[in-house]
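Okay, so here's the structure we're looking at.
Here the structure is a predicted model, which means the values were calculated and not measured. For ligands, and for the atoms within them, numbers begin at 1 and follow the listed sequence.
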Amino acid sequence: MEMKAPRGVRDILPDESWKWSYVINIAAKAMADYGFSEVHLPIFEHTELFSRGVGETTDIVEKEMYTFEDKGGRSITLRPEATAGMVRAALENNLCAQGSDAKLWCFGPMFRHERPQKGRYRQFYQVDCEHLGCAGAANDVEIIDLAAEIFRRLGLKNLEAVINSVGCPKCRPVYREALIKYFNNYKDKLCETCLDRLDRNPLRILDCKKPDCGAVADGAPDIYNSLCDECREHFEEVKRGLERLGIAYKINKRLVRGLDYYTKTAFEILSGDLGAQNAVCGGGRYDNLSDSIGGPHLPSVGFACGVDRIILVMEQQGLSFGERPKAKVYVAALDNSARGEAQILTHKLRSAGIAAQCDTENKSFKSQLKAAGNAKFACILGPDEIKNKVVTLKDMADGSQVSISDNELIDYIKDKLK
Ligand code: ATP
Ligand code: MG
């Protein structure tokens with residue numbers, strides 16, 4: 001039987017993985033510049049963390065989670081997103097004790113049982129960045145600026161930041177009622193899912209991608225008319241802050257995001273080059289997530305970038321991923337008597353931090369030289385070189401050769417590779 005990976009997952013192979021390292025390194029540097037520290041968190045958590053933290057009536061919890069019972073009979077879920085785990089970890093480890101804040105980020109796989117298509121997988125990867133324990137609008141501005149900065153550094157073009165306010169538990173119930181009243185007039189136009197959502201989570205209807213529901217949603221009451229003074233002022237401050245930093249944005253009153261825990265600011269960064277799966281980043285404020293998982297009140301704001309999609313866009317836009325790492329030096333043994341010395345020299349080069357390869361399969365000198373074609377230099381070792389304690393160094397770009405003594409070789413190559 002030929003084994004295949006399950007549907008919706010894929011292998012990130014060497015032709016691609018170096019691009020991933022580039023993207024994650026750029027993002028990591030930007031996040032460090034903004035004061036965020038990396039953490040490594042579990043990939044599975046108690047199911048309850050997500051049902052309570054993300055929300056019972058969300059698509060993620062209702063339809064998309066990989067949930068199973070472990071050998072001890074506990075319900076476990078592969079994380080569909082990272083925010084709930086981040087808050088759980090901060091609470092459990094007292095990172096926000098006595099009113100202090102925590103700026104954390106992580107990278108890793110998330111799991112959602114969705115219909116696989118371009119830019120949508122069942123195992124996908126996020127860079128997730130969270131500022132826990134911060135209430136003011138300046139923090140929302142900072143987090144949107146950071147997300148935008150990552151994309152600036154990666155060179156992505158044709159992006160659009162979209163923002164909205166989804167209110168808070170004080171003003172959302174009022175808006176909810178207004179929405180239910182409105183959508184009840186259009187029951188014949190709504191899809192099955194939206195009809196089902198009508199009483200439970202009418203905000204989610206605003207987010208429906210089906211054209212008929214969208215047309216109805218376009219005419220829905222405006223959330224800005226329902227926002228309480230605090231939420232309204234917060235939203236105004238976010239807009240002013242973004243303008244101060246010169247960050248262009250659009251307002252989309254239908255942007256509600258798929259997770260229940262959002263309060264006040266919600267935002268997405270969309271790419272014009274991704275078709276239907278156009279969000280490369282989604283985030284917002286979630287002042288009540290901690291409360292909902294049994295913790296203290298912990299106002300927070302964060303975002304998650306989809307790395308799979310970022311790479312798709314960068315490839316499509318022909319952007320640079322830096323230089324693909326490859327062996328700088330190939331050590332070739334002229335005959336069998338030199339093979340041992342060739343391996344010793346390769347080891348020395350590697351120990352000095354120079355990427356080096358040599359043949360370990362008894363290949364002919366000719367095929368070794370062919371392999372050396374991928375490197376910048378070939379170090380040729382034969383009986384004469386070994387006797388005279390030298391190496392013949394061949395520059396693969398122009399074919400020129402020089403003889404260098406053993407003890408000068410490493411400094412010489414390091415200098416040439418600068
Ligand atoms: P979408 O509307 O595309 O389903 P989402 O709102 O469910 O996105 P979030 O939960 O906000 O996505 O996750 C943040 C980011 O993670 C998204 O902007 C996207 O780039 C990426 N992402 C989400 N789901 C997937 C997936 N199934 N495959 C690949 N990337 C994904
Ligand atoms: Mg989704």
Side-chain angles (χ1 to χ4, degrees), residues 5-10 12 16 20 23-24 27 50 53-55 57-66 77-86 105-130 143-144 146-148 150-151 154 156 159-164 166 193 197 201 203-210 213-214 252 254-262 265-286 289 301-316:
R7 185 167 140 77
V9 306
R10 66 210 174 106
I12 311 297
E16 234 195 319
W20 286 61
V23 168
I24 292 149
F50 303 113
V54 177
T57 61
T58 58
D59 281 356
I60 290 182
V61 171
E62 281 186 340
K63 295 190 271 197
E64 298 175 358
M65 295 206 302
Y66 280 90
T77 293
L78 300 183
R79 64 180 183 195
E81 55 96 57
T83 310
M86 207 75 117
W105 72 272
C106 71
F107 164 75
M110 307 295 151
F111 305 85
R112 296 184 194 175
H113 193 274
E114 311 197 65
R115 195 166 68 80
Q117 47 201 297
K118 187 179 173 210
R120 191 177 296 286
Y121 313 100
R122 290 181 173 174
Q123 173 172 334
F124 61 98
Y125 295 80
Q126 286 183 342
V127 163
D128 183 79
C129 188
E130 312 290 350
I143 213 92
I144 296 173
L146 169 52
I150 292 174
F151 294 119
L154 291 172
L156 268 82
L159 292 184
E160 184 171 69
V162 183
I163 64 168
N164 192 23
V166 296
T193 322
R197 285 166 174 158
N201 195 348
L203 253 78
R204 297 282 292 114
I205 302 178
L206 297 173
D207 202 29
C208 185
K209 304 283 190 292
K210 301 212 175 67
C213 300
N252 177 359
R254 284 181 50 199
L255 175 73
V256 294
R257 316 263 311 113
L259 303 88
D260 276 354
Y261 54 60
Y262 283 106
T265 315
F267 73 94
E268 277 183 351
I269 297 180
L270 308 177
S271 164
D273 294 312
L274 267 183
Q277 277 61 252
N278 63 348
V280 286
C281 175
R285 174 163 283 285
Y286 47 95
L289 197 162
V301 65
F303 65 78
C305 297
V307 177
D308 311 71
R309 290 188 196 173
I310 291 173
I311 298 203
L312 273 173
V313 178
M314 288 180 68
E315 281 174 341
Q316 214 154 304

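At a 4.0 Å heavy-atom cut-off, ligand 1 touches Arg112 through the side chain alone. The side chain of Arg309, and not its backbone, has at least one atom closer than 4.0 Å to an atom of ligand 1 (non-hydrogen atoms only; side chain from C-beta on).
Between Tyr66 atom OH and Leu78 atom CG the span is 8.5 Å, to the nearest 0.5 Å. Annotation: the span from Leu203 atom CG to Tyr262 atom OH amounts to 14.0 Å, rounded to 0.5 Å. To the nearest 0.5 Å, atoms NE2 (His113) and CZ (Arg7) are separated by 8.0 Å.
Screening Asp59, Thr193, Thr58 for a side chain to side chain donor-acceptor pair (under 3.5 Å) involving Arg204 leaves a single residue, Asp59. Checked against Val301 for a side chain to side chain contact (heavy atoms under 4.5 Å, CB included), the options Ile144, Ile143, Thr265 give a single hit: Ile143.
Near Ala304, with a cut-off below 4.0 Å to any heavy atom, the atoms of ligand 1 are 14 (C), 15 (C). Taking every heavy atom of Val280 and a limit of under 4.0 angstrom, the matching atoms of ligand 1 come to 18 (O), 20 (O). When each atom of ligand 1 is checked for a heavy atom of Cys281 under 4.0 Å away, the hits are 18 (O).
Counting only non-hydrogen atoms, the option in Glu268, Gln126, Lys209 that gets closest to atom 16 (O) of ligand 1 is Gln126. Closest to atom 20 (O) of ligand 1 by heavy atom, among Ala279, Pro80, Gly282, Gly284, is Ala279.
What you find for Cys305 and Ile310 is that their closest heavy atoms are CB-CD1, 3.8 Å.
Among the atoms of Asp308, none of the N or O lies under 3.5 angstrom from an N or O of ligand 1.
Using a 4.5 Å heavy-atom threshold, the side chains of Asn164 and Asn252 count as separate.
The closest approach between any non-hydrogen atom of Arg120 and ligand 1 is below 4.0 Å.
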